[in-house]
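Here is the structure we will look at.
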Amino acid sequence: MNCTPIHPAAPGRCVRRAAPFTQTLACAGLTLAATLLAVNAPAATPEPVQVTVAVGTPGARLNPAMWGIFFEDINLGADGGLASELVKNGSFEFTQFTMGWAFSGGGSHAVRMVKPLHPNNPNYLEVTTDPTRPPKLANEGHRGMGVRKGETYTFSVFARAAAEVPVTLQITVLGQGGQVLGKATLGRFTGEWLRHSVPVRINATEAKARLLVTVEGGGKLDLDMVSLQPVKTWKNRPQGLRADLVQMLADLQPGFMRFPGGCIVEGHVLANRYQWKTTIGNPEERKLIINRWNDEFKHRPAPDYFQSFAVGFLEYFQVCEDMGAEPLPIINCGMACQFNSNELAPLDKLDPYLQDMLDLIEFANGDASTPWGARRVALGHPAPFRLKLLGVGNEQWGPQYIERLARLAPVLKARHPEIQLISSAGPDPDGDKFNFLWPKLRELKADLVDEHYYRPPAWFLDNTRRYDAYDRQGPKIFAGEYAAQSVRTVSPDNRNNWECALAEAAMLTGFERNGDVVRMSSYAPLFGHVDGWQWRPNLIWFDNLTVFGTPNYYVQQLFSRNRGDVILPVTVAGAPTAANREPRFYASSTREEKTSEIIVKLVNATAQSVSARLDLQGAGKLGGKATATLLTTAKLTDENTLEEPRKVAPVTTRLGKVAAAFTQECPAYSVTVLRVPQAK
Ligand code: AHR
C-alpha cells in the first residue's frame, strides 16, 4: 500500500496515497473520458463483487444536514436567475447609469441625484416628455425576459412628477418580433416619490421579451426602481423568488444552504465585499454593487452583471426555512479575494467584520428585545431562524487567514457557543496552502474545516478513501465546494457530463462511509444561465423560462433523498481496479429509522456490468418490497440539455422481496441505490 506517513488532517497516521495518477491529471484535458475511467478489465465476464454490509453493527449517526447546497450569485444565479425581477438596472445604479436601457422617440432623459428615493439608491431617471413625440424607454432584461401566456406580471415604478402634470406611462411587453404580448397604463403621479403598480397579463409565452415604457403627456417625470415581476413566485411572495428554480432546490431536500458564496463574499477589494446589512429591507434600500464575476474572466466577460441584492439575507433565511435546510452563511473575515487584490483589513481593525458576524447571529436568532432581532421582526419574520452554523471567511489561506481567524473565532465562540464555525482549508485539497492551514486549524480547534476540490474525474475516483484515515478526534469536515472538472478548473469547456457525475457519486460513497468525520458537503457552483454563465460546470442550468438538472444534480439528489440516519459499515471485495490499482466499484450504506430500510449505494465506474453480491449481515428478518433506483446512460459524454432535460435521470424499479444475500446487477458506468425494508 502507498503511504504518506504524515497527513495534515491525519497526524501520525498512515494515509493511503493516491497511486500515481498525476500524469493522468496533467493531461486530463487531452484524455478521452473513457480512458480516465478505464480499468484493467479482464476480457472475460468479470468476477462478481462482494459487498458486505454490517447491518448488525451500525456505526455513527449521519448528520441530517449532510447533503446541502452552495449558492452564489455567479452565472446569473441571483440577478437574472433566482430573483424574479425581469428588468435589468431598474434602479439606474449600474456603473454606466443607463446600461440595459435603449431610448427612442422624442423628449429627453438624464440621470439625476437630486433628492433621491433613498440614500442607498442615489440615481434616478428624469424624463422630459414631448407631447408630439413621446419618449420611449426599452429595457432588454437579463438576456431577455421570460414571460408566460396567461400569467400576470406586475409592472411597478417609483415616480415623481416635477409638478402635478398629466403624464401617463404606456407599458408594453414586446416579443422578439415586436408583437405586443401585454400592455397596461399607469398615471396620476404626484410631486412625492411613490410606488405605482399595475398588472400586465401576457397573451403568449416568450423567452426573450422586452419591456417598453412610453411616457405620454407634458412635463417632467422622475422614475426609479422600474420593475416587472411575475405574480407567481415561490410561495407567491410579492417580489419573490423564481418558483421553478427554488423548486429544483427543494427537490434536492437539502440539509443546508451555504450563502452567499463563494468568492462573492470577499469582493475584488474589501469595498465591494458582500455586506449582509445592505441586502435587507425594501428593494430601494438595498445598495447595489458590481458583481465580482462581472469582469473576472476575460473569456466570459459580463459587463452588465451587478448585485441588486433582490435575493438578500431575509429571502435567504426564508428559503432555508421553506426547504427545511440549515442556514450556513459565510461572512467576510477582513480579507478580499486572494486571487484578486488580496486586500487585508489590519488586525487591529477587524471589529466591523466581527460585528457583522455577531449582528447576523442576532438578526437570525435574537428576539424583539435585541436591535437586530427587532429588525427581523419588523421585516415580517417574528420567529427566529435558528442559525447554528457560520463560515468565517470563504476560501482563504495563508498566515493572514490564520491571524484573522485566531482573533475572530474565540470571540464568536465565547459569545455564541451554540454556533459551529466553519474555517477554510484554502482552494485546494492538497499542496502548500492546504498543508500550512490544517495543523493551524487543528491547533485552533476548528469545529468544521471547509475543503474544496475542483479536480478531474479521475481524482475523485482515486480519493474515495481520502477520509478513511482522517483523525476522528480532530476538526470535522465540510466538503464545501467540489465538482469534477472534465477539462480543468475554470475552463469554459468543462462539461456537466456523466463521467463527472459518476466520479462524484463514487466520492460521495466515501463521504457517506466517513459520515462521522465528513459532516456536510455541497457541490459548487449551483446555477448557470445558459446565456449568461461565467463558470462551468454547474449543478443546475436554466434559461429565462425553463430549468433542468444535470447528471450531477441527480447524483446529489440520490444521496440526499436516500440519506438514512445511521452509517452501516461496508466492505467491497473483488472490485475491478484501474491501472493505478485503485478500485473502480464503490459502495456505502445507511439505515433509515423511520422506514426501517437499509439503503445501499453502489457505484460501478467500470466499462462492464458488474454483479454485486450483497450480504446484509445481521439484517434480521426482511419485510416489504425492496426497490432499486438506477442512474446511468449510454455514454460517459452524455449530458442533460434544455431539449433533453432527463436524458440522464434516475429510474426506480421494484425488486419485490429480497433475501439478506442477493445479487444486484450494476450496469456499466452506473449508480444504483437499493432500499431494502427490514421487518418492523
Ligand atoms: O464556485 C466557484 C468559485 O470557486 C467560488 O466562488 C470560490 O469559492 C471557488 O474558488
Side-chain angles (χ1 to χ4, degrees), residues 68-79 81-82 249 256-269 272-274 289-297 299-300 302 305 307 311 316 328-333 335-342 391-398 401 422-431 433-434 437 448-456 459-460 478-496 500 504 520-529 532-541 550 552-553 556:
I69 50 178
F70 161 101
F71 178 85
E72 177 167 20
D73 190 3
I74 183 172
N75 305 315
L76 307 196
D79 286 284
L82 208 52
L249 303 184
F256 67 88
M257 182 169 176
R258 174 182 177 146
F259 180 93
C263 293
I264 215 156
V265 168
E266 307 158 19
H268 289 130
V269 291
N272 80 340
R273 71 187 187 276
Y274 195 105
I289 59 171
I290 191 169
N291 187 304
R292 57 99 61 223
W293 299 105
N294 177 309
D295 53 5
E296 181 69 10
F297 298 131
H299 58 272
R300 293 293 299 176
Y305 201 5
Q307 294 183 85
V311 185
Y316 160 58
L328 195 178
I330 307 284
I331 302 297
N332 192 298
C333 64
M335 301 179 77
C337 183
Q338 291 170 278
F339 291 114
N340 300 141
S341 71
N342 198 10
V392 183
N394 176 43
E395 194 180 59
Q396 321 304 155
W397 67 80
Y401 177 55
I422 317 285
S423 311
S424 164
D428 306 306
D430 44 37
K433 297 183 181 90
F434 183 88
L437 286 169
L448 284 144
V449 174
D450 180 11
E451 295 193 349
H452 293 183
Y453 3 96
Y454 295 99
R455 287 290 187 270
W459 183 93
F460 283 76
F478 169 33
E481 291 187 32
Y482 61 84
Q485 313 285 300
S486 64
V487 179
R488 66 178 175 279
T489 317
V490 311
S491 167
D493 299 323
N494 284 329
R495 308 302 307 184
N496 278 102
C500 291
E504 288 152 12
M520 298 192 300
S521 76
S522 45
Y523 182 102
L526 186 60
F527 283 123
H529 189 297
W533 57 273
Q534 297 79 49
W535 177 296
R536 67 192 311 167
N538 303 296
L539 198 63
I540 298 167
W541 287 89
T550 57
N552 318 70
Y553 173 91
Q556 295 290 322

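Numbering starts at 1 and runs along the sequence shown. Remember, it's 1-based here, ligands and their atoms both numbered in the order they're listed.
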Pair Asp73-Tyr305, side-chain hydrogen bond (donor to acceptor under 3.5 Å, both in side chains): steps then yes or no: CA-CA 10 Å; Asp73 190 3; Tyr305 201 5; 2.4 Å; yes
Atom 6 (O) of ligand 1 - nearest protein heavy atom and its distance: Glu72 OE1, 2.6 Å
Pair Glu481 + Arg258, salt bridge at N-O below 4.0 Å: yes
Residue selection (non-hydrogen contact nearest atom 1 (O) of ligand 1) among Phe70, Trp293, Tyr454: Tyr454
Residue, atom name and distance, where the atom is the protein heavy atom closest to atom 8 (O) of ligand 1: Glu481 OE2, 2.7 Å
Close aromatic pair by centroid cut-off 6.0 Å: Phe339 and Trp397: yes
Atoms in ligand 1 flagged as close to Asn394, the criterion being non-hydrogen separation under 4.0 Å: 8 (O)
Whether Phe71 and Phe259 hold their rings parallel, tilted or perpendicular, with breakpoints at 30° and 60°: parallel
Charged tip of Arg300 within 45° of Trp533 ring normal and under 6.0 Å: yes
Atom 10 (O) of ligand 1: nearest protein contact (heavy atom, Å): Glu395 OE1, 2.7 Å
Smallest separation among heavy atoms of Leu539 and Gln556, with atom names: CD1-CG, 3.9 Å
Close approach of Pro525 to ligand 1, heavy atoms, under 4.0 angstrom: yes
Polar atom proximity, Cys263 to ligand 1 (N or O, under 3.5 Å): yes
Trp535, Tyr523, Tyr482, Phe339: member with heavy atom nearest to atom 3 (C) of ligand 1: Trp535
